[in-house]
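Note sheet for the following structure.
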Amino acid sequence: VTEGQWVLMATGRTPTNIAVIKYWGKRDEALILPVNDSISVTLDPDHLSATTTVAVSPSFPSDRMWLNGKEISLLGGRFQSCLREIRKRARDFEDEEKGVKIKKEDWGKLHVHIASYNNFPTAAGLASSAAGLACFVFTLGKLMNVKEDYGELSSIARQGSGSACRSIYGGFVKWCMGEKDDGSDSIAVQLADETHWNDLVIIIAVVSSKQKETSSTSGMRDSVETSPLLQYRAQTVVPSRVLKMEEAIKNRDFESFAKLTCADSNQFHAVCLDTSPPIFYMNDTSHRIISLVEKWNHSEGTPQVAYTFDAGPNAVLIAQNRKTAVHLLQKLLYYFPPQDKDLSSYLVGDKSI
Ligand code: 2P0
C-alpha cells in the first residue's frame, strides 16, 4: 500500500454445506442454473469453513487473489462474475474517521485484493468451492455496502459455483432451481435454521485425500449430455423427493430423512455410472462404508445413520444423536483403522466426541 493511501477491509467466515438432495446437472452453464432443486445442511463454522478478507485501496493497481497463501489467477473466472455483480450493486460509502468517501459509481474503479483460507487441510480432498465463493460474495457485499437480501446474494454466489448459493444460510437450505431464463428466481431459501435439529452429528470419514479425477463441472456436463437416468431423476424423482425431505426436516423425522438422503446419494452415483464415459467417484472403501451402515440400520430395524457421498470417495455420515455418533465412530475405527494412526483423518462434526 502506498503511504498516505487508505485501505478498506472486511473479513467473513462461511461454512461449507453438504447436499442431502443432490444438485447434478445444469440447464444453463453460463448462469449456473440447475436441472433440479437441491437441499443441503450447512455445517457449523468451526469445521470446514472458509475465512475471506477482501480489501480495496486506490493504491492497488489490479484485482488479485490468494488462496491459502498462494496467489491464484482471477482471469475470466467465476470470481469475476461475482465481483461484477457485487460492484453493480455497490452503494455510497463514507467513513468520516478515515476520511474515506466512495460514490457508488466509483467502486468499479477500485481494485480488490482477496485472501481466502480454508480451516481444513486442502489435502483432505474436501476442498469445496461452496464455502469460498459464498464467503467472498457475502464479505465483498458488506465491504461495498450492498443492501440486497440473502436471496439475491445467494443468486450471485450461485454464479460463482452452484453449491455456493446454499452456504449463504445456516441450517437446512433449499436451492430452488427456478423457471426464468435470467436466473433471477434460482435462489437459495432457508428451510430451518441451525437450532432446529441440532442433535444431528455429522462425521466425515476421509477415504482418500487425492484430488478427484473428474471435476464436478465437467462431470455434470457429461451427465447432462449422455445420461437418460439424469433426465428421469430431474423430472420425475427429485420433485417429489424434495417435498418429502422438506417434511422430514420440518418434523425432525430421522427415519424418513435418512432413507431419502441415502437413496438420493445412491441415485446421484447411479447417474454418474450412467454417464458416458462412466464417472466413478466412490471406491471400494466407500462401498464398504455403505454396506456397514446399511447392515447396521437393517439390524436395528430403523435407520441409525444416513450416508451421503459427493463427487469423491469420502463418506459424510449423519448420526441421529451424539450417542449414535459415538457408536458409529467406534465401528469406523474398528472396521477401517486409520493407516497412519492419525485420528485427525476422521473429522468429527462435534468437538466433544
Ligand atoms: C451438491 N455437488 O449438491 C452436488 C453433489 C457434488 C455432488 O454441487 O459447476 O462445485 O461450480 O456449479 O457446485 C458440486 O458442484 O459445481 C456439487 P459448479 P459445484 O453439493
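Position 1 is the first residue of the sequence, and the numbers go up from there. One-based numbering, in listed order, for ligands and for the atoms of each.
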Verify side-chain hydrogen bond (donor to acceptor under 3.5 Å, both in side chains) between Lys147 and Asn145, making sure each step is shown before the conclusion. CA-CA 6 Å; Lys147 299 275 191 248; Asn145 206 15; 2.8 Å; yes
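- Listed by atom number, the atoms of ligand 1 under 4.0 Å from Ser163 heavy atoms are 8 (O), 10 (O), 13 (O), 19 (P).
- With a 4.0 Å cut-off on non-hydrogen atoms, Arg166 touches ligand 1 through its side chain and not its backbone.
- Of all the listed residues (Lys22, Glu29, Arg78), Arg78 holds the heavy atom that lies closest to atom 18 (P) of ligand 1.
- Side-chain contact check for Ser276 and Thr226: no donor-acceptor pair (N or O, by modelled atom type) lies under 3.5 Å.
- Between Asp46 and Arg13 there is a salt bridge, with a side-chain nitrogen of the basic residue lying less than 4.0 Å from a carboxylate oxygen of the acidic one.
- For ligand 1, the atoms lying closer than 4.0 Å to a non-hydrogen atom of Phe268 are 7 (C).
- A donor-acceptor pair shorter than 3.5 Å can be found between the side chains of Ser227 and Asp274.
- In terms of polar-atom proximity, Ser38 is not counted as a contact of ligand 1, lacking any N or O under 3.5 Å from an N or O of the ligand.
- Distances below 4.0 Å separate heavy atoms of Ile32 from the following atoms of ligand 1: 12 (O).
- A salt bridge links Lys259 to Glu255: at least one charged side-chain nitrogen sits closer than 4.0 Å to a carboxylate oxygen.
- A ring-centre distance under 6.0 Å is not found for Phe268 and Phe309.
- Close contacts between ligand 1 and Ser216 involve ligand atoms 14 (C), 15 (O) [criterion: under 4.0 Å to a heavy atom].
- Side-chain contact check for Tyr307 and Asn266: at least one donor-acceptor pair (N or O, by modelled atom type) lies under 3.5 Å.
- Close contacts of ligand 1 with Ala19, meaning ligand atoms under 4.0 Å from a residue heavy atom, involve 1 (C), 3 (O), 20 (O).
- Against a heavy-atom cut-off of under 4.0 Å, Gly162 is close to the following atoms of ligand 1: 11 (O), 12 (O), 13 (O), 18 (P).
- One side chain, Arg166 or Ser38, offers a donor N or O that lies under 3.5 Å from an acceptor on the other.
- Less than 4.0 angstrom separates some heavy atom of Met220 from each of these atoms of ligand 1: 15 (O), 16 (O).
- In summary, the atoms of ligand 1 found under 4.0 Å from a heavy atom of Asp310, numbered by their order in the structure, are 5 (C), 7 (C).
- Considering backbone and side-chain atoms together, Asn17 places no N or O closer than 3.5 Å to any N or O of ligand 1.
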